[in-house]
Amino acid sequence: MNYPVWDVLFGSGLLIALVAGLHVFVSHFAVGGGLFLVLTERKARRANDPALLNWLKAHTRFFVLLTVVFGAVSGVGIWFTIGLISPSATSDLIHIFVWGWAIEWVAFFIEISAALLYLYGWDKLPPKLHEWYGWIYFLAAFFSLVVINGIITFMLTPGSWIDVHKFWIGFFNPTYLPSAFFRTAICLALAGIYALITASVQKDAELKARIVRWGAMWTVPSLIALVPLGWWYIHEIPASLFLSARGPMPTATHFASSAWILLAVTFVLMLLAVFTPRRLHLVFAVVVALVALGAMDSFEFVREDVRKPFVIENYLYDNSLYASSMPGDGGFTVDNLSSVGVLHAAHWINQRAITAGNQVEVGHEIFRVECQSCHTPDAYRGIHQLIEQRQWNPATVSAMLTGLSLMHNGVMPPFAGTDAERGALAAYLNSLQTITPNPATFTNGKLMFENHCSMCHQDRPDDPLFTGLDPNPQVAADSLKDLTSLFPLMPDIKLNQTQRTSLVHWLNTQRPAGKPGAASSSATQGGN
Amino acid sequence: MISPSALPTIPTIDPNPLPAPYWVLKLLLVATFYLHILAMNLMLGGAALALLARLTSKGNPMRGRIFVDVAKKVPTLLAATITLGIAPLLFVQVIYGQYFYTSTILIAWPWFLVLALLVAAYYGFYYVAYNGKRRPGAAGMVLFVSLALVMLIGFIYTNNFTLMQTPARWAAKYFAAPSGWSLNLADPTLIPRYLHFMTAAVAVGGLLLVLLALARWKHDREYAEYIFQFGGKAFQFATMAQFLVGVWFLISLPRDLRMIFMGDNPVATAMFGTGVLGALASIFLMSEALRKQNIRMAAFGVTGITAVVILCMSIMRDNLRDAYLKPYFQPNQFAVKTQWAVFPLFLGIFVGGVILWLVMLKRYGLFTSTRPTEE
């Protein structure tokens with residue numbers, strides 16, 4: 001709201017996913033592949049293997065055309081894209097780490113220059129000197145990785161930077177090391193995977209087999225190393241954050257599983273390639289690469305997802321509000337907006353007052369500045385679909401807006417604004433509905449749970465919804481009359497008698513046998 | 001700390017202080033922009049002249065050679081343009097982020113599409129570099145497309161950087177179309193400013209040919225003399241045309257902004273005077289050099305003067321931006337907290353990087369006359 005919000009119909013987040021998802025797959029290859037080039041060149045020269053050397057020459061051209069062109073442009077592209085979609089976060093990261101970016105730029109400049117000289121120098125330079133360019137290239141590329149790693153990990157685990165605001169504290173943050181090792185292993189794994197692609201089109205089956213085996217020596221150990229390194233990485237992420245990927249947040253959970261599964265599939269495919277290296281086909285090589293791409297992007301999605309609702313953990317929300325007030329925050333905090341109002345504080349709102357006639361339009365503007373960094377009205381994370389799927393009526397929509405920060409392990413920022421503004425937002429969200437909620441679903445306890453409770457509560461015996469509910473069905477149903485009295489942060493959803501009864505009935509069928517609900521302890525659910 | 005903005009849509013500055021004094025960041029911005037624009041001029045001008053040579057190569061094998069020869073340099077020059085463009089893009093966000101991010105979002109789609117256009121143009125240039133000799137027809141077409149794409153990118157940049165400095169235009173543009181499909185076409189300075197850059201690129205592209213002539217002067221005199229004439233004339237015509245385009249640009253500016261170059265701002269006026277005189281001098285010196293077949297006079301004299309002229313223009317460009325933003329932007333609005341724990345490290349790495357880079361070029365043989373000819 002400090003900046004205008006780019007209104008992308010299908011969801012601006014998808015653009016970041018597209019650009020970054022492809023970039024990381026090439027940029028990590030650019031690092032590992034660099035070491036691969038220079039070590040393979042040395043190996044080929046020592047073994048006096050002109051066939052391997054010839055292949056490596058062609059592989060270098062493939063490497064440079066992919067990394068220097070697509071890799072470099074898409075890297076700048078991530079920066080272009082985040083500036084369009086999260087300008088406040090981009091600005092913060094730029095200001096906090098200017099000299100980090102500038103240092104990385106020097107490394108990048110050396111990297112690109114060395115890559116071109118290495119490519120053009122194949123037939124002109126003495127072997128030792130040529131390898132020297134290869135080493136310069138790899139070291140510059142690796143240096144660039146370890147610099148960027150500091151900034152990327154900072155976003156997830158800024159650690160005590162939040163208190164002291166010192167460059168190196170933020171840079172060498174809690175996940176710096178595991179991430180650096182984890183990504184290095186990815187780089188080495190990708191070096192072997194990409195080698196399969198250019199190896200597969202070789203006609204000389206013996207040469208092809210040599211390359212595949214050599215590539216596997218890079219990929220197989222690296223894939224195995226990713227397991228303990230991944231465990232270490234997860235271990236350094238605060239458990240409360242990573243909890244999102246263990247069930248409460250559907251996307252993070254889904255990507256966490258797919259990351260491990262696709263990693264395993266990559267491993268198996270790589271072994272298959274090693275067992276039949278002479279028959280390696282281009283299609284197979286591309287499939288291995290695509291599966292590895294899926295594994296890698298799943299990991300990146302988990303990293304991005306568990307950080308939610310923040311772009312910079314505990315500092316800046318996804319919708320560009322600061323987590324707490326500080327000098328220079330421009331008033332862009334939840335507390336301030338809730339007291340003075342979005343319409344007053346936001347710079348990029350056209351209508352500054354709510355009238356009887358403009359509620360929906362104002363709500364749309366509030367949606368744009370507060371929600372649209374992650375949601376769309378009708379497409380990616382579309383509100384229209386969310387509301388209809390859950391059969392929410394207008395009162396429920398309005399009530400739910402008070403409980404956003406509790407949903408899915410707290411992946412959303414709280415609504416920031418006055419009650420009237422929340423009403424306007426609810427009016428807009430309701431205007432997206434094209435169906436009338438079907439009352440029949442209200443007599444089905446399971447659906448009641450899924451549609452009204454499952455955003456915050458889990459279908460698990462230790463969830464406060466089960467542990468805190470009175471064992472007597474009648475008393476339990478009555479206690480649901482006023483949800484805020486159970487827990488003040490709960491949305492004030494008004495359920496009728498039928499709904500309450502059917503919900504309690506279903507909940508009781510879910511209780512583990514012999515474990516009646518404990519006395520009310522619902523106040524402990526605050527961490528949900 | 002925050003000066004009240006004259007317009008409600010101007011974003012509040014970032015809460016994190018500047019990590020170095022304002023002047024350091026400004027110096028880095030202008031200096032790295034200068035390097036970027038030099039590379040851009042060489043790349044775009046080189047591509048334009050290679051295309052011109054290709055289009056006029058019928059019955060003229062020398063022109064065909066120029067096409068192949070120059071087109072081979074373009075991918076590397078584009079790599080330099082991009083790499084050197086990152087630094088000014090970083091520093092402009094540090095100092096002018098409030099304006100830069102906003103205008104960028106208003107033209108978000110064109111700005112985002114720069115990425116796709118750039119990748120396409122880049123691969124096109126590589127295609128031409130690798131296939132110019134074997135398939136000149138197809139390569140010529142691809143070069144045309146790639147050149148058109150980088151010119152389109154330049155146009156999008158001009159839109160962004162003019163819109164960035166005119167915040168009064170923002171609100172109407174955004175609230176009419178928040179989907180980011182706007183450009184800044186209504187700005188009367190847009191076209192002359194854009195042409196000013198493009199014309200400069202052709203002139204500098206001419207100097208690229210002069211430098212290539214110098215490198216081939218001893219071993220391949222006939223060809224070297226030909227590209228010297230071709231490049232030198234292109235430089236002269238483009239620089240003469242620049243006087244017309246430059247005047248158009250100047251009169252398109254609002255009067256109070258134009259006056260910064262005519263006395264109101266001593267630095268801007270000095271840069272303007274030096275730039276105009278330097279451009280005039282370079283035209284005469286080039287014509288002398290061409291008449292006397294004096295390649296060194298052109299390669300060192302004219303190139304040297306032009307390098308100074310472009311530096312003056314880069315500073316003027318910055319002066320003009322500050323003049324545009326004067327009602328809203330004051331350098332003293334920033335809190336400054338120099339990051340002494342890392343800033344010296346950057347300087348050290350920067351100097352080390354430059355030295356390493358020069359060693360890399362030297363060991364490759366780029367500074368000796370026996371350098372390997374590039375593939």
Side-chain angles (χ1 to χ4, degrees), chain A residues 2-9 15 19 65 68-70 72-74 76-77 79-81 83-84 87 90-92 94-96 98-103 105-110 112-114 116-117 120-121 123-125 129 132-133 136 166-168 322 326-330 347-348 350 368, chain B residues 1-2 8-20 25 28 76 79 82-84 86-87 89-90 93-94 97 101-102 104-106 108 111-112 114-115 118-119 122-123 126 170-171 174-175 178-180 335 339 341-343 345-346 349-350 353 356-357 360-361 363-364 372 374-375:
Chain A
N2 191 21
Y3 289 96
V5 174
W6 178 20
D7 194 346
V8 181
L9 278 181
L15 292 173
V19 178
L65 284 178
V68 167
V69 180
F70 184 80
V73 175
S74 59
V76 179
W79 193 22
F80 266 55
T81 317
L84 289 170
T90 309
S91 174
D92 287 338
I94 293 272
H95 280 82
I96 297 166
V98 181
W99 302 123
W101 296 112
I103 287 170
W105 168 65
V106 177
F108 180 65
F109 190 80
I110 296 291
I112 298 286
S113 305
L116 294 175
L117 293 173
Y120 294 138
D123 295 321
K124 290 152 202 158
L125 298 172
L129 184 57
W132 181 77
Y133 285 104
I136 300 267
K166 289 202 183 306
F167 182 96
W168 292 113
Y322 287 98
M326 61 181 157
D329 64 20
H347 285 179
W348 286 87
N350 201 19
R368 202 188 279 149
Chain B
M1 191 173 70
I2 305 156
T9 47
I10 292 183
T12 308
I13 58 168
D14 197 275
N16 295 285
L18 292 187
L25 296 160
L28 285 166
T76 305
I82 295 170
T83 316
L84 292 169
I86 288 172
L89 196 62
L90 172 66
Q93 293 182 31
V94 179
Y101 294 121
T102 309
T104 303
I105 292 165
L106 300 194
W111 188 250
F112 181 76
V114 163
L115 304 170
L118 185 53
V119 169
Y122 211 152
Y123 280 121
Y126 262 113
W170 291 348
Y174 178 74
F175 291 118
S179 56
Q339 293 178 350
V342 57
F343 177 45
L345 182 71
F346 161 69
I349 288 177
F350 179 74
L356 174 62
W357 188 68
M360 282 162 61
L361 298 188
R363 293 191 80 182
Y364 194 85
E374 278 179 30
E375 171 50 38

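- Here B:Ala87 is the residue among B:Ala20, B:Ala87, B:Gly180 with the most heavy-atom pairs under 4.5 Å with chain A.
- A:Asn350 CG to B:Phe175 CZ: the interatomic distance, rounded to the nearest 0.5 Å, is 4.5 Å.
- Of the listed residues A:Val76, A:Ile112, A:Leu15, the one with more heavy-atom pairs under 4.5 angstrom with chain B than any other is A:Leu15.
- Between chain A and the options B:Leu118, B:Leu90, B:Val119, heavy-atom pairs under 4.5 Å are most frequent for B:Leu90.
- For A:His347 (side chain) and A:Pro4 (main-chain N/O), no donor-acceptor pair under 3.5 Å exists by modelled atom type.
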Item to check | Pair B:Tyr174-A:Trp348, ring pair (Phe, Tyr, Trp, His ring centres under 6.0 Å): steps then yes or no | outcome: CA-CA 9 Å; B:Tyr174 178 74; A:Trp348 286 87; 5.2 Å; yes
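- When A:Phe109, A:Phe108, A:Tyr133 are each tested for a ring-ring contact (aromatic ring centres under 6.0 Å, His included) with B:Trp357, only one passes: A:Phe109.
- Note on A:Val19, A:Asp123, A:Leu65: by heavy-atom pairs under 4.5 Å with chain B, the leading option is A:Leu65.
- Within a 6.0 Å radius of CZ in B:Phe350, other residues, nucleotides and ligands contribute 12 heavy atoms or fewer.
- Annotation: maximal heavy-atom pairing with chain B below 4.5 Å, among A:Tyr322, A:Trp79, A:Phe70, occurs at A:Trp79.
- For the set B:Ala79, B:Gly97, B:Pro19, B:Gly353, the entry with the most heavy-atom pairs within less than 4.5 Å of chain A is B:Pro19.
- Taking every heavy atom of both residues into account, B:Pro15 and A:Asp329 meet most closely at CB-N, 4.3 Å.
- Chosen from A:Asp92, A:Leu129, A:Leu9, the residue pairing most often with chain B at heavy-atom distances under 4.5 Å is A:Asp92.
- Heavy-atom distances place no part of A:Ala72 under 4.5 Å from chain B, backbone and side chain included.
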